[in-house]
Amino acid sequence: QAGETFNIQSPKQLGVILFEKMHLPYAKKTKTGYSTAADVLEKLAEEAPIVQDILSYRQLAKLKSTYADGLHAFIAKDGRIHGTFNQMVTATGRISSTDPNLQNIPVRTKLGRELRKVFIPRDGYVFVDADYSQIELRVMAHISGDEGLLRAFREGRDVHRATASEVFGVDIEHVTSQQRRMAKVINFGLIYGMSAWGLRQNLGVEKGVAEHYIEQYFARYPKVKRYMEDIRNQARTHGYVQTAFGRRLWLPDIASSRIPVQKAAERAAINAPMQGTAADLIKKAMVAVQKWLQETGAKSRLILQVHDELILEVPEEEVETVREALPRLMSGVAELKVPLVAEVGVADNWEAAH
DNA sequence: GCGATCAGCC
DNA sequence: ACTGCTGCTGATCGCT
């Protein structure tokens, strides 16, 4: 379709084909040339069929090279993959995973999820998988002390639905799936320190509309707004921010004269207490689970952590005990202003247990 | 060997 | 993206 041979895996060559030879409109540039990132290409897919093929190629190439071939190379003689977890890498207190990275195994697409099915327990065992529900938003409710957000979690509400109801001014039972989807983008955006401009890019609405949504959000959840302001000031005054348990992130760039650098530090200041408190909580849970396993003499073993999720390999005879204990231990690691909820699944492969 | 780009996850 | 959504790791390109 390009009319010539080129390396589809080279963003540089692809940029020349799409934006110089085919004269497609380019949305943005990187420091080295045209951007061919997925969000840019998606907007061009209708105009030129080759673009959809490139997006498809990239998805398949990623799954094959990083996961299908990549993971296969790590299978040890015992038939298992033994990765490495790093405790001294991230700025926020999360752990990270390498060789291979077991914390970014596909889950989003149908084809990607096929790769999760290859993770299976040893004979006679199953996986018990529990993940914290909305942990970072619960931490945001706790740290900000916002009454509306606290109430939503205490009443066991679907928080994205509750947000949609407040932002769009409709009754909770009249929230449409599209409104809920938009509220979800707003909620995650807030955790990341997103601006109206960023929200506009994400939702594909006019900037004024995005501004209106944020305005409505802060009117309904005023202490969340207050938190965003306070945490920036705290970062400027002290040079660091901290989690609910006192883990500090130092932010020297908060005083940078380069505005983009300063803004990036502000986003980190907003995000780190929430991401970091969540990381502290799951670390406490890992300690509690390991202690429980040792005290009860269980044969079950903790085999993986994925930021808000713990996976145990559990012998059949311990399934009912662990299914009860794991979410209980995870919920019980701290008394926040909102309940900590963990959802549990049991299956004979990772995809089905999650 | 390394920076840049892209794509996977939370 | 000369503001523009956090934190990571890995594959690949294209250069030194």
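Comment: A/E266 engages A/R236 in a salt bridge, judged by a side-chain N to carboxylate O separation of less than 4.0 angstrom. Using a 4.0 Å cut-off between charged side-chain N and carboxylate O, A/K207 and A/E211 make a salt bridge. Look at A/E136 and A/R94 and you find a salt bridge, because one of the NZ, NE, NH1 or NH2 atoms lies within 4.0 Å of a carboxylate O, short of that distance.
Using a 4.0 Å heavy-atom distance criterion, A/Q275 is classed as a base contact. Contacts of A/Q262 with the nucleic acid, taken as non-hydrogen atoms under 4.0 Å apart, are absent. Nucleic acid contact for A/R200: none, since no nucleic acid atom lies under 4.0 Å from a heavy atom of the residue. Nucleic acid contact for A/A196: none, since no nucleic acid atom lies under 4.0 Å from a heavy atom of the residue. In this structure, A/R94 reaches the bases: a heavy-atom distance under 4.0 Å links it to at least one base atom across the strands shown. Using a 4.0 Å heavy-atom criterion, one finds that A/G189 contacts the bases of the nucleic acid, with or without backbone contacts as well. Within 4.0 Å (heavy atoms only), A/E136 reaches no atom of the nucleic acid at all. Heavy atoms of A/L190 sit nowhere under 4.0 angstrom from any nucleic acid atom.
Using cut-offs of 30° and 60° for the angle between ring planes, the A/F188 and A/H160 rings count as tilted.
For C/dC13, the OP1/OP2 oxygens have a side-chain nitrogen or oxygen of A/N7 closer than 4.0 Å.
Whole-Å rounding puts the A/N104 CG to B/dC10 C1' distance at 10 Å. If you take CG of A/D280 and C1' of C/dG7, they are 14 Å apart, rounded to a whole angstrom. Rounded to whole Å, the distance from NZ on A/K12 to P on B/dC6 is 14 Å. Spacing between atom CD of A/Q305 and atom P of B/dC10 amounts to 12 Å, rounded to whole angstrom units. Taking atom NE2 of A/H354 as the reference point, atom P of B/dG8 lies 16 Å away to the nearest angstrom. Computed from coordinates, the A/L14 CG to C/dG14 P distance equals 11 Å when rounded to whole Å. Whole-Å rounding puts the A/L63 CG to B/dC9 C1' distance at 13 Å. Nucleotide B/dC9 holds its C1' atom 12 Å from the CZ atom of A/F188, rounded to whole Å.
Distances from the side chain of A/A38 to the nucleotides B/dA7, B/dC6, C/dT12 place B/dA7 closest. Nearest nucleotide to the A/S35 side chain, out of B/dC10, B/dC6, C/dT6: B/dC6.
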ask   = Given the rule in the salt bridge (charged side-chain N to carboxylate O under 4.0 Å, His left out) test, do A/E313 and A/R122 qualify, once you have shown the distances and angles that lead to the verdict?
value = CA-CA 8 Å; A/E313 193 177 40; A/R122 67 178 78 226; 3.5 Å; yes
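Using Watson-Crick or G-U wobble geometry with both donor-acceptor distances under 3.5 Å, B/dC2 finds its partner in C/dG14.
Between the side chain of A/R108 and the base of B/dC9, no donor-acceptor pair under 3.5 Å is found.
A/F6 and A/L44 fall within a single hydrophobic cluster, where Ile, Leu, Val, Met, Phe, Trp and Tyr are joined by side-chain heavy atoms under 4.5 Å apart, directly or via other members.
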